[in-house]
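Residues take their numbers from the sequence shown, with the count starting at 1. First listed ligand is number 1; within each ligand, the first listed atom is number 1.
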Amino acid sequence: MNVLLIGSGGREHALAWALTASPLLTRLYCAPGNAGIAEVAECVAIGVDDHAGIIAFAKANAIGFVVVGPEQPLVAGLADDLAAAGIKVFGPSRAAAQLEGSKGFTKDLCREFAIPTGTYGRFTDAAAAKTYLATQKLPIVIKADGLAAGKGVVIAEGWDAANAAVDACFEGIFGAAGAEIVIEEFLEGEEVSFFALCDGQHVLPLATAQDHKRVGDGDTGPNTGGMGAYSPAPVMTPEMTRRTMDEIIRPTVAGMRQRGTPFKGVLFLGVMITSDGPKLYEYNARFGDPETQVLMMRLRSDLLAALLATADGVLNTFDVRWSDDAALSVVMAANGYPGDYVKGTEIRGLEAAGAVDGVEIFHAGTVRRDGRLLASGGRVLNVSARGRTVAEAQARAYAAIDLIDWPDGFCRRDIGWRAIARETGAARSKGGG
Ligand code: AMP
Ligand code: GLY
């Protein structure tokens with residue numbers, strides 16, 4: 001079967017890498033792709049928002065299946081348009097992608113189906129929002145309702161900051177995404193990224209991961225799209241996984257089905273493990289980035305078969321296997337990210353870095369020009385490694401990074417610190433001291 005993958009980041013490189021291992025695959029294309037993806041797929045210069053171009057390419061190249069990576073085309077209805085053209089697709093409809101496209105939509109769904117999440121209010125004007133704010137406790141979370149590339153969330157520690165965040169949203173700093181806001185209770189706990197394939201009716205949980213959203217070591221500084229990730233997430237015990245499935249995922253899938261907008265694709269939950277158990281703080285309607293990079297390093301089953309089973313509605317007959325190894329991925333970003341950064345700087349040494357035992361390097365924002373590899377985005381490389389423990393995977397990833405010659409890039413040096421502290425603690429108590 002010929003497959004067309006939509007997207008251009010590290011998530012798509014990891015998906016492409018896993019898809020090429022499938023015996024079901026004939027040719028893999030990626031629109032638009034990047035320099036790393038070009039090593040495993042044929043990249044085609046079609047934008048993710050060019051639905052007509054994607055459909056025309058799929059028809060002309062006997063594409064049997066389209067896999068959509070990013071959220072924007074899903075929220076814009078690419079899956080609906082492909083389905084209407086008779087092309088099989090992995091990814092939710094526009095109506096189902098509202099779980100990510102509108103934070104208020106998700107909060108209302110949680111209320112209707114008694115899914116544990118923080119208390120909230122939805123507002124379309126600043127005065128009403130501020131009146132509600134005055135009845136709440138600090139810290140408080142202010143979110144733009146729509147897609148804001150991971151930037152639309154403010155956690156305010158004080159009233160001035162909270163009121164300023166409300167004003168900023170309605171003054172348009174997030175564009176149309178901020179025309180409505182959600183004010184949400186701050187949830188205390190440890191964050192987990194949890195993934196489940198859903199075919200509209202059946203659910204197949206995938207592995208767990210944690211990412212590091214802040215730009216600086218020690219989880220400090222501004223939020224980013226994610227500076228690194230690891231899997232599994234040790235805080236996600238079998239009991240927490242069971243509760244997350246029963247209390248959050250199953251009611252969501254049943255609720256979306258009941259409303260006539262079944263969710264088909266991968267549901268990505270941001271879950272806070274609180275003292276009362278798992279609480280949802282956000283849904284995404286797609287794979288995580290950089291969580292997918294570590295999931296793909298641990299996946300032992302055929303990804304293409306799993307995604308086809310999702311699209312075909314037969315997940316009840318399907319299962320996936322994972323390596324017992326841990327995996328960890330470190331994001332290398334261009335200096336200045338997540339603020340302004342320089343583009344077009346040269347990266348050298350990837351061959352030696354990629355040869356380190358257990359290491360795979362996924363490209364998130366690169367182009368090749370005249371034989372040189374250049375950075376073309378904020379997050380540029382995902383240096384990923386497998387290991388028997390998170391600590392071993394971390395050591396391998398940083399050994400590879402130390403071989404990369406890119407003075408214009410940086411990375412965090414502590415990805416995985418929480419899991420490694422847990423591993424160290426467990427080893428110490430096993431050793432009796
Ligand atoms: P998002 O852009 O929705 O991924 O949110 C960014 C970050 O804000 C998340 O990774 C969480 O760390 C944090 N966050 C979002 N909602 C809440 C909440 N209700 N309580 C605490 N932290 C939150
Ligand atoms: N790593 C978080 C996300 O993909 O939204």
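Residues His363 and Asn34 bring no donor and acceptor atom of their side chains to less than 3.5 Å of each other. For the residue pair Trp417 and Asp217, no side-chain donor N or O sits within less than 3.5 Å of a side-chain acceptor on the partner. For the residue pair Lys264 and Thr310, no side-chain donor N or O sits within less than 3.5 Å of a side-chain acceptor on the partner. Side chain to side chain, Glu184 and Tyr281 fail the donor-acceptor criterion of an N or O pair below 3.5 Å.
Counting heavy atoms under 4.0 Å from ligand 2, residue Arg11 does not touch it at all. Using a 4.0 Å cut-off between heavy atoms, Arg286 contacts ligand 2 through its side chain alone, with no backbone atom that close. Residue Met272 touches ligand 1 through its side chain alone, judged by heavy-atom distances below 4.0 Å. Contacts between Leu187 and ligand 1 below 4.0 angstrom, taking non-hydrogen atoms only, involve backbone and side chain alike.
Within the listing of ligand 1, atoms 9 (C), 10 (O), 11 (C), 12 (O) sit less than 4.0 angstrom from a heavy atom of Glu191. Atom numbering of ligand 2 starts at 1 in the shown order; those under 4.0 Å from a heavy atom of Phe268 are 2 (C), 3 (C), 4 (O), 5 (O). Taking a cut-off of under 4.0 Å to the non-hydrogen atoms of Glu282, the atoms of ligand 1 that pass are 1 (P), 3 (O), 4 (O). Applying the 4.0 Å criterion to heavy atoms of Lys103 picks out, from ligand 1, the atoms 3 (O). Close approach of ligand 1 to Glu185 is summarised as follows: ligand atoms under 4.0 Å from at least one heavy atom of the residue are 18 (C), 19 (N), 20 (N). Under a 4.0 Å criterion applied to the non-hydrogen atoms of Gly225, ligand 2 contributes the atoms 1 (N), 2 (C). Taking every heavy atom of Lys143 and a limit of under 4.0 angstrom, the matching atoms of ligand 1 come to 15 (C), 16 (N). When each atom of ligand 1 is checked for a heavy atom of Val153 under 4.0 Å away, the hits are 1 (P), 2 (O), 3 (O), 5 (O), 8 (O).
At least one side-chain heavy atom of Leu99 sits under 4.5 Å from a side-chain heavy atom of Phe263.
The N/O atoms of Asp289, backbone and side chain alike, include one that comes under 3.5 Å of an N/O atom in ligand 2.
Using a 4.0 angstrom heavy-atom cutoff, Gly288 counts as in contact with ligand 2.
Using a distance-only test at 3.5 Å, with no hydrogens or angles considered, a donor-acceptor pair links the side chain of Asp199 to the main chain of Gln201. Under the 3.5 Å distance criterion, the side-chain polar atoms of Ser22 are left unmatched by any main-chain donor or acceptor of Leu304.
Looking only at heavy atoms of the protein, atom 2 (C) of ligand 2 is closest to Asp211 OD2, 3.5 Å.
Of all non-hydrogen atoms in Met227 and Ile415, the two that sit nearest each other are O-CD1, 3.5 Å.
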Quiz prompt | Derivation of the side-chain hydrogen bond (donor to acceptor under 3.5 Å, both in side chains) call for Thr224 and Lys213 | solution = CA-CA 5 Å; Thr224 69; Lys213 288 250 167 69; over 6 Å; no
Quiz item: Step by step, would you call Thr241 with Phe194 a side chain to side chain contact (heavy atoms under 4.5 Å, CB included)?
Solution: CA-CA 9 Å; Thr241 299; Phe194 192 86; 3.8 Å; yes
